[in-house]
Visitor: 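Below is the structure I would like to discuss, written out as C-alpha cells.
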Amino acid sequence: FGMNLLINRFIYVGISNYFRSRNHLYNRVLILGYNDTAKKLDEYFSEQGINTRVVGFVETESKVLELTRHPVFTDFDRAIDNAIDLEVQEIYSTITPEQDKHIYTLMQKAEMECIRFKIVPDLSVLIGSGFGIGFGVGVGASQLSYGQNVRCPQNQICFSLLLSLFLSPQ
C-alpha cells in the first residue's frame, strides 16, 4: 500500500509540473482594480491556480502606491483592448458596478469579445469587519463573527463534527 501511494504521489507531482510548464495551457486572467481583494485573488491564483496565470491589473495610477508582481495598466477604457492583446480568457473585477458605472460597458465589451467577466466584490466594504468567508472541504460558507459574544449552537457543532468525520480521507 505504501509503495503504491509513493508511486501515485510521484506521478501526480510529475503531471502537475508538466502542466505548469506549458504556457499555452494557462488560463490568463486580468484583474480590474488594485485593492486587498485583488491582492488576495493574485495570491490565490499564484498558489492554488494550477492552470491560471495573472497577467496584470487595471487601476488608476494614483491608487497604486506600491510595487506589484504584475504590470498595472492605468487606462480603464483600454482594458478590453489590453485583454485581447494579452490573450486573456477571464477578467475578474474587484470593482462593483455600483462603485463605477463604467464596469457595465466593460462587461458588454468583454461579452462581445468572448471574454468571461466575473465580479468579485469587496465584502468588507459592504458589511464591515465582522464578516468572513470560510472554506471547508471545498465548500464556501459565509458567516458573521463578532468575536466572543456569539455562541455557536450545539447543532452546528454536531453537524461540523459529522461532516468532518464523513468527508475526511480514511
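Values in this document were obtained by computation on a predicted structure and should not be read as measured data. FYI, the numbering just counts along the sequence from 1.
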Visitor: Flag yes if Tyr92 and Tyr34 sit in one hydrophobic cluster, no otherwise; membership is Ile, Leu, Val, Met, Phe, Trp, Tyr, and two members link when side-chain heavy atoms are under 4.5 Å apart.
Guide: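 Linked within one cluster.
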
Visitor: Under the rule for ring-ring contact (aromatic ring centres under 6.0 Å, His included), what residues qualify as partners of Phe73, not counting sequence neighbours?
Guide: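 ring-ring contact (aromatic ring centres under 6.0 Å, His included) list for Phe73, sorted by chain: empty.
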
Visitor: Using salt bridge (Lys or Arg N to Asp or Glu O under 4.0 Å) as the criterion, list what pairs up with Asp85, not counting sequence neighbours.
Guide: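 Listed in chain order: Arg78.
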
Visitor: Linking I/L/V/M/F/W/Y whenever any side-chain heavy atoms sit under 4.5 Å apart, do Ile80 and Val29 land together?
Guide: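 Different clusters: Ile80 never reaches Val29 through Ile, Leu, Val, Met, Phe, Trp or Tyr contacts under 4.5 Å.
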
Visitor: Please enumerate all residues that pass side chain to side chain donor-acceptor pair (under 3.5 Å) together with His70, with sequence neighbours excluded.
Guide: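 Expected list: Asp42.
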
Visitor: Mind checking what makes side-chain contact (heavy atoms from CB on, under 4.5 Å) contact with Ile11, not counting sequence neighbours?
Guide: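 Once residues adjacent in sequence are excluded, the partners of Ile11 under the side-chain contact (heavy atoms from CB on, under 4.5 Å) criterion are Ile7, Ile15.
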
Visitor: Output all residues satisfying side chain to side chain donor-acceptor pair (under 3.5 Å) with Asn35, sequence neighbours left out; order by chain, then residue number.
Guide: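 By the side chain to side chain donor-acceptor pair (under 3.5 Å) rule, Asn35 matches Thr94.
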
Visitor: Does any pair with a residue in residues 92-108 pass salt bridge (Lys or Arg N to Asp or Glu O under 4.0 Å), and if so which ones, sequence neighbours excluded?
Guide: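 The answer is none; no pair qualifies.
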
Visitor: Find out if a path of hydrophobic residues (ILVMFWY) with successive side-chain heavy-atom gaps under 4.5 Å connects Tyr104 to Val58.
Guide: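 Result: yes, single cluster for both.
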
Visitor: Just verifying a value: how many Å separate Met107 CE and Ser93 OG, rounded to the nearest 0.5 Å?
Guide: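 The CE atom of Met107 sits 8.5 Å away from the OG atom of Ser93.
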
Visitor: Are Asp36 and Lys39 packed together at the side-chain level, in the sense that at least one heavy-atom pair is separated by less than 4.5 angstrom?
Guide: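 Yes, their side chains come closer than 4.5 Å.
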
Visitor: Among residues at least two apart in sequence or on other chains, which ones pass side-chain contact (heavy atoms from CB on, under 4.5 Å) with Thr60?
Guide: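 Testing Thr60 for side-chain contact (heavy atoms from CB on, under 4.5 Å), a comparison that skips the adjacent residues, returns Ser62, Lys63, Phe76.
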
Visitor: Test of understanding: with salt bridge (Lys or Arg N to Asp or Glu O under 4.0 Å), list the residues that count as partners of Glu61, not counting sequence neighbours.
Guide: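 By the salt bridge (Lys or Arg N to Asp or Glu O under 4.0 Å) rule, Glu61 matches no residue at all.
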
Visitor: Would you say Asp75 and Asn82 make side-chain contact, with heavy atoms under 4.5 Å?
Guide: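 The answer is no, as the side chains (C-beta and beyond) never meet within the 4.5 Å cut-off.
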
Visitor: Can you name the closest pair of heavy atoms from Ile95 and Gly33 and give their distance?
Guide: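 Scanning both residues, the minimum pair turns out to be CD1-CA, 3.8 Å.
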
Visitor: Run through Leu41, Thr74, Ile31 and flag the one making a side chain to side chain contact (heavy atoms under 4.5 Å, CB included) with Phe57.
Guide: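 When side chain to side chain contact (heavy atoms under 4.5 Å, CB included) is applied between Phe57 and each of Leu41, Thr74, Ile31, only Ile31 qualifies.
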
Visitor: Applying side-chain contact (heavy atoms from CB on, under 4.5 Å), name anything that partners Leu6, two or more places apart in sequence or on another chain.
Guide: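 Leu6 satisfies side-chain contact (heavy atoms from CB on, under 4.5 Å) with Met3, Phe10 only.
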
Visitor: Going by the rule side-chain contact (heavy atoms from CB on, under 4.5 Å), which residues pair with Asn4 if we only count those two or more places apart in sequence or in a different chain?
Guide: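 Residues passing side-chain contact (heavy atoms from CB on, under 4.5 Å) with Asn4: none at all.
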
Visitor: Run the side-chain donor-acceptor check on residues 109-120: report pairs under 3.5 Å with partners two or more places apart or on a different chain.
Guide:
from   : atom 1 : to    : atom 2 : distance (Å)
Arg116 : NE     : Glu90 : OE2    : 3.1
Lys118 : NZ     : Glu90 : OE2    : 3.1

Visitor: To which residues is Leu67 joined in a hydrophobic cluster, defined by side-chain heavy-atom contacts under 4.5 Å among Ile, Leu, Val, Met, Phe, Trp and Tyr, whether direct or through other members?
Guide: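 Result for Leu67 is none, singleton.
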
Visitor: Going hydrophobic residue to hydrophobic residue with side-chain gaps under 4.5 angstrom, can you get from Val55 over to Val64?
Guide: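 They do not share one cluster, since no chain of ILVMFWY contacts under 4.5 Å joins Val55 to Val64.
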
Visitor: Does Thr96 reach the side chain of Ile103, with side-chain heavy atoms less than 4.5 Å apart?
Guide: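 No, every pair of side-chain atoms sits at 4.5 Å or beyond.
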
Visitor: Grab the two heavy atoms, one from Gly56 and one from Leu30, that are nearest each other, plus how far apart they are.
Guide: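 Residues Gly56 and Leu30, closest heavy atoms: O-CD1, 3.4 Å.
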
